[in-house]
Protein chains: 2
Amino acid sequence: MAQANAGDGTVGKALDALDQVASMGRPVRFAELLEESAYPKATLYRFLQTLTNQGMLSYDARSQTYSLGVRLVRLAHAAWRQSSLAPIARPYVEELAREVQATVHLAQLDGGQVLYVDKQNPSNPINMYSESGKVGPGYCTGVGKAMLAFVDEATLERALTQQTYHRHTENTLCSPQELMEELREIRKTGISFDREEHEMSIICLAVPILSSQDRVLGAISVTNSTHRTSLDELKKFAPILKTCAKNIADTAESWRFPEHDKLAK
Amino acid sequence: MAQANAGDGTVGKALDALDQVASMGRPVRFAELLEESAYPKATLYRFLQTLTNQGMLSYDARSQTYSLGVRLVRLAHAAWRQSSLAPIARPYVEELAREVQATVHLAQLDGGQVLYVDKQNPSNPINMYSESGKVGPGYCTGVGKAMLAFVDEATLERALTQQTYHRHTENTLCSPQELMEELREIRKTGISFDREEHEMSIICLAVPILSSQDRVLGAISVTNSTHRTSLDELKKFAPILKTCAKNIADTAESWRFPEHDKLAK
DNA sequence: TCCCTTTGTTCCAAATAATGAAACTTAATT
DNA sequence: AATTAAGTTTCATTATTTGGAACAAAGGGA
């Protein structure tokens with residue numbers, strides 16, 4: 001867990017400390033943090049105090065441990081509502097999950113990576129933040145490829161360089177060249193597969209959510225395991241997914257961008 | 001949205017700016033933020049740059065707007081899992097909602113405000129203000145008063161000054177004096193009422209969730225409308241609520257602060 | 001077109017806050 | 001009582017932040 005931020009003054013360093021606490025995944029004592037920290041004792045100590053004052057961390061005096069604070073939960077709610085499709089798409093995603101009887105993901109693109117903003121599991125309905133918020137790679141997931149296939153040249157180029165290609169399975173597309181070829185195919189058909197490229201025995205079918213100007217808003221996917229279904233079976237859901245994506249796009253546009261379509265170029 | 005933080009150096013001020021973006025509820029331009037900000041142009045500008053660099057905000061060059069960033073979503077996800085009571089309390093809250101056949105809220109204190117971290121709605125939902133992740137006032141909600149009644153002196157004092165008292169209904173307690181009196185009563189009985197203090201026709205019964213050291217972990221409440229029930233009816237649920245709160249506290253403590261004797265050399 | 005206004009960005013000397021080694025205080029252990 | 005480890009405070013030095021003002025860029029009329 002390296003301290004990656006030399007760049008951004010005090011704020012950056014304090015956020016480093018915050019990340020460090022987050023990465024532990026449990027309440028931690030000062031000494032534990034100090035061991036791994038790049039900062040001296042007194043400095044780290046003050047960061048933790050400040051973050052605690054600010055509600056970004058909370059400190060339990062009894063066990064002398066720091067954990068993430070409630071202010072973050074509040075910010076999460078705001079983030080989820082204002083910069084994600086999730087609240088708008090929720091009813092469509094729910095309906096889709098019922099129809100296909102499998103896990104449905106709603107994702108958005110952020111800097112080459114896939115951010116899952118909602119997930120519906122027909123057997124285990126309603127979980128608010130429990131799964132949304134996770135981040136995955138763009139180059140080897142169904143939703144990632146679906147979105148990358150339709151973004152503009154500049155965004156794509158930037159995204160491609162931001163990937164850290166890693167051969168998760170034998171099917172993973174590990175180079176920009178392979179990926180570009182795949183993306184061309186996806187652009188033609190409008191659907192994207194994950195052929196066990198990220199995780200063995202996990203396959204998925206994804207489609208992009210496109211605005212009326214073909215701007216990429218996000219993607220939805222239906223995921224299953226090879227033990228329960230096959231790619232050919234999944235492919236049958238393509239029309240339902242496309243309809244769902246269209247519905248989400250329409251709703252999103254009328255709701256979030258009431259007036260702002262002056263693309264015109 | 002006042003800039004309440006003079007206290008915490010650069011980090012606190014930068015987090016102010018972050019909150020400000022969050023509070024707008026939509027992508028915002030620099031000028032909009034500047035208008036409401038306590039900080040001078042150049043200063044605010046640098047905060048936004050830093051936060052964007054750090055991934056806490058994201059900047060859309062096309063519309064020149066800032067919104068909340070992915071890093072925040074990621075942190076928040078971790079926060080919800082490891083630091084909110086929601087995942088731990090979920091089964092108890094569900095059971096309670098079934099037993100009382102009404103809406104159950106789980107809340108935590110954030111500054112002087114109430115943060116709803118979970119909500120269970122049994123069969124027939126009634127319309128009201130609150131959703132998990134949402135924030136409400138501390139001085140005029142059942143859960144808010146239940147928690148404030150049991151926090152330590154210092155926290156209470158800070159919380160009281162952070163309220164922006166507003167007479168939502170004719171029953172609202174609008175001054176620290178009235179509130180303090182009510183809190184004393186709550187401390188005696190261990191239960192707190194919302195007598196249509198926040199919203200007309202909405203009443204609720206709440207109890208605090210206290211650790212074994214009497215630290216306030218959160219609060220749970222059962223809410224209903226005056227058309228369906230009365231305060232006297234609600235009062236009958238007090239024992240069930242107290243048991244539920246106790247269960248949540250016990251589980252939280254054993255889950256989050258496991259005894260660590262195994263660390264002998 | 002030009003001029004004017006609004007909005008966003010950069011500069012830099014002064015003011016302020018951060019830094020971190022070391023001293024100090026607990027709390028626990030021997 | 002002595003030893004050790006963990007957490008907290010101090011303070012002179014150093015580095016960052018600050019913010020007024022200048023600058024640039026993007027509209028927007030007439």
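Just so we're on the same page: letters track the sequence lines, and every chain starts at 1. Note that the structure is a prediction, hence the values are computed from the model and not measured.
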Inset, instruction - Figure out the CD/P separation between B/E32 and C/dT7, and round it to whole Å. - result: 10 Å
Inset, instruction - Considering only NZ, NE, NH1 and NH2 on the basic side and carboxylate oxygens on the acidic side, decide whether B/R215 and B/D152 come within less than 4.0 Å. - result: no
Legend entry - Test log, rule salt bridge (Lys or Arg N to Asp or Glu O under 4.0 Å), inputs B/R90 and B/D118: CA-CA 8 Å; B/R90 175 62 64 88; B/D118 206 358; 2.7 Å; yes
Legend entry - Between P of C/dT19 and CG of A/D16, the distance in whole Å: 12 Å
Inset, instruction - Identify which nucleotide among D/dT18, C/dT9, D/dG7 has an atom closest to any side-chain atom of B/K13, counting heavy atoms from C-beta outward. - result: D/dT18
Inset, instruction - Before accepting this row, confirm whether a basic side-chain N of the pair B/D110/A/R71 lies closer than 4.0 Å to the acidic partner's carboxylate O. - result: no
Inset, instruction - Grab the OH-C1' distance between B/Y39 and C/dA15 for me, whole Å please. - result: 17 Å
Legend entry - Flag, side chain of B/Q108 to backbone of B/V114, donor-acceptor distance under 3.5 Å: no
Inset, instruction - Taking only the side-chain heavy atoms of B/P40 (C-beta and beyond), determine which of D/dG19, C/dT19, D/dT8 contains the nearest atom. - result: D/dG19
Inset, instruction - Please assess A/Y66 against A/F30 for the test ring-ring contact (aromatic ring centres under 6.0 Å, His included), listing each intermediate value before the final yes or no. - result: CA-CA 8 Å; A/Y66 294 89; A/F30 176 69; 7.2 Å; no
Inset, instruction - Round to the nearest Å and state the distance from A/Q64 atom CD to D/dA5 atom C1'. - result: 12 Å
Legend entry - Sugar-phosphate only, base, or nothing, as touched by A/T10 at under 4.0 Å among non-hydrogen atoms: sugar-phosphate
Inset, instruction - Mind calculating the distance between CD (B/Q49) and C1' (C/dC11) to the nearest angstrom? - result: 14 Å
Legend entry - Rounded interatomic separation in angstrom, taking CG from B/L44 and C1' from D/dG19: 12 Å
Legend entry - Residue B/A42, side-chain heavy atoms: nucleotide from D/dT8, D/dG20, C/dT19 that is nearest: D/dG20
Inset, instruction - Return no unless some side-chain N or O of B/T43 is found under 4.0 Å from OP1 or OP2 of D/dT18. - result: no
Legend entry - Distance, rounded to the nearest Å, where B/L34 contributes CG and D/dG19 contributes C1': 12 Å
Inset, instruction - Would you indicate, yes or no, if D/dG7 has its OP1 or OP2 atom less than 4.0 angstrom from a side-chain nitrogen or oxygen of A/R29? - result: yes
Inset, instruction - Specify the residue among B/F47 and A/Y66 whose closest nucleotide of DNA chain D lies further upstream toward the 5′ end. - result: A/Y66
Legend entry - Listed nucleotide nearest any side-chain atom of B/Y45, set C/dT9, C/dG20, D/dT8: C/dT9
Inset, instruction - For B/L48 and C/dT7, give me the distance from atom CG to atom C1', rounded to whole Å. - result: 14 Å
Inset, instruction - Tell me which of B/R46 and B/K41 sits closer to the 5' end of DNA chain C, going by the nucleotide each one is nearest to. - result: B/K41
